[in-house]
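Written out below as structure tokens is the structure these notes cover.
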2 protein chains.
Amino acid sequence: MAKHDRHNAIRELVASAAIASQDELRRKLVRRGFDVTQATLSRDIHELSLYKGPNGYAMPNGNGNGDHEDDLPSIREVLGGFGLKVKQAQNQLVLVTTAGSAQPVALGIDHEDWDEVVGTIAGDDTVLIICPDMKRASRLRERLDEMIG
Amino acid sequence: MAKHDRHNAIRELVASAAIASQDELRRKLVRRGFDVTQATLSRDIHELSLYKGPNGYAMPNGNGNGDHEDDLPSIREVLGGFGLKVKQAQNQLVLVTTAGSAQPVALGIDHEDWDEVVGTIAGDDTVLIICPDMKRASRLRERLDEMIG
DNA sequence: CGCCCCTATGCATAAAAATACACTATCATG
DNA sequence: CATGATAGTGTATTTTTATGCATAGGGGCG
């Protein structure tokens with residue numbers, strides 16, 4: 001099948017030179033013996049998950065692959081499942097979770113976009129939550145406590 | 001100037017949601033109070049060096065292709081590339097970065113040896129910066145903000 | 001063989017992004 | 001204050017990319 005070889009050729013070209021448009025890519029491919037149209041390249045580029053940036057097309061480096069987003073469990077579920085306890089120190093809360101779950105829990109909290117939260121940092125089993133002030137820290141502590149319980 | 005704020009808004013939107021076209025970005029910006037045209041966004045996207053891939057626009061994460069890579073990048077470049085926003089809570093600053101870049105960013109800040117910085121802790125996409133007092137925290141916040149923009 | 005289904009592709013065209021040009025506001029300077 | 005340089009933007013247009021529709025070439029199978 002020509003398609004497969006063409007995909008390989010595209011990968012190589014894209015990895016080795018800056019290619020600014022599908023038409024430029026097309027011309028380079030023609031020189032290598034692949035005579036296809038821009039429409040086909042548009043599809044190929046999708047199939048290969050190539051990215052286009054300031055320097056032309058690029059391979060889906062580090063990033064790229066899996067696109068799983070959305071439908072994450074509710075913060076309540078997460079906390080109920082992994083949250084162990086919350087403690088307060090001035091405007092900061094320290095949330096202890098089961099081992100290894102701090103990261104996802106912090107992510108969940110971030111996504112809530114609460115205005116009691118300035119930001120979170122997660123280690124392995126501890127999430128540090130920074131609040132704007134003690135008052136809001138207390139309020140959040142109560143809420144989290146209730147969710148954990 | 002509104003441009004600066006708009007750039008920040010674009011970074012955040014792009015980092016948090018899948019945006020498939022400049023027109024979609026435009027609609028989201030309008031809801032946030034930025035009323036601009038697609039032409040302007042095309043320029044903004046260039047200025048911000050955003051990439052477009054299968055999942056819409058994205059921040060210029062560790063993409064490794066390109067040519068410009070001289071010495072170690074200045075803290076200014078790092079923040080310009082990966083920093084999203086800074087928030088202050090008393091004597092602490094919370095710096096939100098693109099996913100996975102908090103660690104290097106924190107390293108860069110540490111290396112600056114600023115006297116507004118007592119220390120930093122980095123998670124995945126958040127750096128916590130501890131300052132000696134509110135006054136210096138504010139000063140640093142302004143400086144970082146300016147670097148991000 | 002004749003028929004159906006499926007993949008790959010081209011052509012024409014729609015949709016999206018980039019850009020040429022013009023206008024305005026700002027700012028430093030003579 | 002006039003003047004000229006400059007940045008930011010919008011409008012109209014061009015260029016680039018994506019896609020709807022149709023066709024050609026393979027299999028598989030009755």
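Below, chain A is the first sequence line, B the second, and so on; all start at residue 1.
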According to a strict under-4.0 Å criterion, is [X] in side-chain N/O contact with OP1 or OP2 of [N]?
| X | N | answer |
| --- | --- | --- |
| B:Tyr57 | C:dA17 | yes |
| A:Thr37 | C:dT9 | no |
| A:Ser42 | D:dT17 | no |
| A:Thr40 | C:dA8 | no |

Working to the nearest 0.5 angstrom, can you tell me the gap between A:Leu140 CG and A:Ile129 CD1?
5.5 Å

Give, for atom CD of A:Gln22 and atom CD of A:Gln38, the distance between the pair rounded to the nearest 0.5 Å.
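Nearest 0.5 Å value for the CD-CD distance: 5.0 Å.
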
Nearest-Å distance for atom pair [atom1]/[atom2], residues [X] and [N]:
| X | N | atom1 | atom2 | value |
| --- | --- | --- | --- | --- |
| B:Arg6 | D:dT9 | CZ | P | 4 Å |
| A:Gln22 | C:dA15 | CD | C1' | 13 Å |
| B:Arg43 | C:dA17 | CZ | C1' | 11 Å |
| A:His46 | C:dA16 | NE2 | P | 13 Å |
| B:Leu41 | D:dG10 | CG | P | 9 Å |
| B:Ile10 | D:dG8 | CD1 | P | 13 Å |
| A:Asp23 | D:dA18 | CG | C1' | 14 Å |
| A:Arg26 | C:dT9 | CZ | P | 14 Å |

Between B:Ala39 and B:Lys52, just flag the one whose closest nucleotide in DNA chain D comes earlier from the 5' side.
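So the residue in question is B:Ala39.
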
Under a 4.0 Å threshold between the charged nitrogen and the carboxylate oxygen, would A:Glu12 count as salt-bridged to A:Arg32?
yes

Mark yes or no for a side-chain to base donor-acceptor pair under 3.5 Å between B:Gln38 and C:dA16, with no hydrogen or angle criteria applied.
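Side chain to base: no pair below 3.5 Å.
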
Verify same cluster id: B:Met134, B:Leu93 (apolar side-chain graph, 4.5 Å):
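The answer is no; the residues belong to distinct hydrophobic clusters.
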
Is the NZ or CZ atom of A:Arg139 positioned over A:Trp114's six-membered ring, under 6.0 angstrom from the centre and within 45° of the axis?
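No.
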
Name the nucleic acid region contacted by A:Asp35, choosing base, sugar-phosphate or nothing; use a 4.0 angstrom heavy-atom cut-off, strictly under.
sugar-phosphate

